[in-house]
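One structure is given here, and the rest of the page talks about it.
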Amino acid sequence: MSEKKRKRESEKGDRPAKMVAFHAPETVKVQLLEDNDVLGPVIASTPGLSFPSKIALKPYKSGSSIGGVLPKGKKLPQKLILHSSDHPMLDYTAREEKDGSADSLLRHYVGIYDPDSGELKLMEAHKVTVRSTLRSEEEELRQEREAAAQLKRPTIASKLETLGMEFGNKKTRKAIDDRTTNAITRDLPRHASPGGTIPPPPSDTVAAAVLSSMEASTSKMPTKDEQTAAMEEGKPRPKANLDAKISAEVYTISSLIGNDIMGLINVKDWADAAGANVPVKVNSRFVAKRIQALAVGKDIKKLKVLRFILLLMTFKDQLRQKGGRGPYTIPLRDKFNEAMGGNAPLVQALKKKFANENAELTRWHLNYLISHVCAAALIVDDFVVDTYDLKDDLKMTTPELMTLFKEIGARDSTPTDAERERYKIKSKAEAVAHRMAKLRIPLVFPKQRVMGPKRRG
């Protein structure tokens, strides 16, 4: 059964529900009132201005000849100006603005119709725009005009000062400099004068009043710290635990990879091969050097993290870019699934985590993927990683890779003697090509670069 919608109740109870019917005469007499001595109605607009309701505007009229010869008995058209100085700091002026547009050339009328007599009286309504100006600005303009006029009429004293600076001795020039300095000091605001005894100029008071009125509209604007935090949040890197007390708490397996993906990663083939002492062939030197040790030690969690690194490396190698520009595209599903090991649910979960809704990777998404490889490598190597093999596997240069390590909070350093022995780095010359990424507490992230003003040549 259909139910009728209830009509909304009128906001005004005294508004009639229907139009009031009246008997309209067959003819209507129209009378145009053109008495220039009568102000008549006014249509006012206040663009970008909150006009106080308690301000009263005084009307002024002035004749304005548009050009040509007026007919006999015809008065000049009137220009209407409304003005108010009731506000303590602002002057309000309303005037008719003629900017040449079609709207500014329209003429507005207000009519009153008498149904008994059938007479319609029309009167022109002036359309004005209300603008506000700071009273101090007008005062400053007046003072500037007076100062400019004064400069055009050099006095005898100014001529004598000019001659003194040009031809006077050292004592005379010093006296003129002191007089000029004293004149400048008198114009300083209170906070800049010695002892703070000189009151600030009127323009500072008005500026303070205007700024205080803007507090309501700017109170919801983000602070500098909030803007910096938002920019840091938008960087292509995994979310770090900033409250971590030890390195292992910064990036955990559950926060970096996720329990769902960890449950889909299978490392049984690696564990069985390591148990039978059969080498595992993979397309990554970083991964290949660590499979045997983790499998023998039965560290299944780190073994899964190592396979996660290999999956992301394979993911990156399968991406294609048309013409060397634009986003990176993922191959067709069957081909991509086969390259990733054939685990369709796992491949779908990785695509959802690192690709956009169009199954593409922009430069942001690609850096996001590689930064996960960096964080996972830190977990596998106990937060001290030799990046030599990793940069070759990712086909990156050392500076490019170290930049991403720094973005996740790792520090860049050269190998120590103990690290050279651990990673079998034979000489100091060979150690130059090896860079160590170390995750230490407190975390140190790259500072946001602030562009300074350009120098003018």
Legend entry - Selection residues 372-381 - residue pairs positive for salt bridge (charged side-chain N to carboxylate O under 4.0 Å, His left out), sequence neighbours left out: R290-D381
Legend entry - L106 atom CG, over 12 foreign heavy atoms within 6.0 Å: yes
Inset, instruction - Please work out which of the three classes, parallel, tilted or perpendicular, describes the rings of H372 and Y368, given edges at 30° and 60°. - result: perpendicular
Legend entry - Backbone N/O of K245 and side chain of E249: donor-acceptor pair under 3.5 Å: yes
Inset, instruction - Would you list the pairs meeting side-chain hydrogen bond (donor to acceptor under 3.5 Å, both in side chains) in which at least one residue belongs to residues 322-337, sequence neighbours left out? - result: Y328-R363
Legend entry - Donor-acceptor contact present, side-chain S132 to main-chain L90, <3.5 Å: no
Legend entry - S84 (side chain) donor-acceptor with A56 (main chain) under 3.5 angstrom: yes
Inset, instruction - Go through the steps for E96 and L80 under the test side chain to side chain contact (heavy atoms under 4.5 Å, CB included), then give the verdict. - result: CA-CA 7 Å; E96 298 173 84; L80 177 65; 3.8 Å; yes
Legend entry - Counterpart residues, side chain to side chain contact (heavy atoms under 4.5 Å, CB included), relative to A94 (two or more places apart): L82, V128, V130
Legend entry - Heavy-atom pair of closest approach, residues L312 and L369: O-CD2, 3.7 Å
Inset, instruction - If a pair satisfies salt bridge (charged side-chain N to carboxylate O under 4.0 Å, His left out) and one of its residues is in residues 106-115, list it, with sequence neighbours excluded. - result: R107-E124
Inset, instruction - Please examine the side chains of R95 and T129, heavy atoms only from C-beta on, and report whether any two atoms are closer than 4.5 Å. - result: no
Inset, instruction - Report yes if the side chains of I441 and V250 come closer than 4.5 Å at any heavy-atom pair, otherwise no. - result: yes
Legend entry - side chain to side chain donor-acceptor pair (under 3.5 Å) against K302, all qualifying residues, sequence neighbours excluded: D382
Inset, instruction - Indicate, with yes or no, if the rings of F336 and F315 have centres closer together than 6.0 Å. - result: yes
Inset, instruction - Indicate yes or no: at least one non-hydrogen side-chain atom of K351 is less than 4.5 angstrom from one of I330. - result: yes
Legend entry - Side-chain heavy atoms of N169 within contact of T172, under 4.5 Å: yes
Legend entry - Contacts of type side chain to side chain donor-acceptor pair (under 3.5 Å), residue D386, not counting sequence neighbours: H434
Legend entry - Counterpart residues, side chain to side chain contact (heavy atoms under 4.5 Å, CB included), relative to D317 (two or more places apart): K395
Inset, instruction - Applying side chain to side chain donor-acceptor pair (under 3.5 Å), name anything that partners T362, two or more places apart in sequence or on another chain. - result: H365
Inset, instruction - Could you tell me whether a side-chain N or O of K438 sits under 3.5 Å from a main-chain N or O of R411, the two making a donor and an acceptor? - result: no
Legend entry - Counterpart residues, side chain to side chain contact (heavy atoms under 4.5 Å, CB included), relative to L401 (two or more places apart): C374, T387, L390, K391, L394, M396, F405
Inset, instruction - Taking side chain to side chain contact (heavy atoms under 4.5 Å, CB included) as the test, write out the residues that go with L122, two or more places apart. - result: V30, L32, L120
Legend entry - L311 side chain reached by M340 side chain, heavy atoms, under 4.5 Å: yes
Inset, instruction - Would you check if there is a donor-acceptor pair between the side chains of H87 and S85 at a distance under 3.5 Å? - result: no
Legend entry - Contacts of F383 that satisfy ring pair (Phe, Tyr, Trp, His ring centres under 6.0 Å) - sequence neighbours left out: none
Inset, instruction - Using modelled atom types only, decide if a donor and an acceptor are shared between the side chain of S255 and the backbone of Y251 within a distance under 3.5 Å. - result: no
Inset, instruction - Taking side chain to side chain donor-acceptor pair (under 3.5 Å) as the test, write out the residues that go with N343, two or more places apart. - result: none
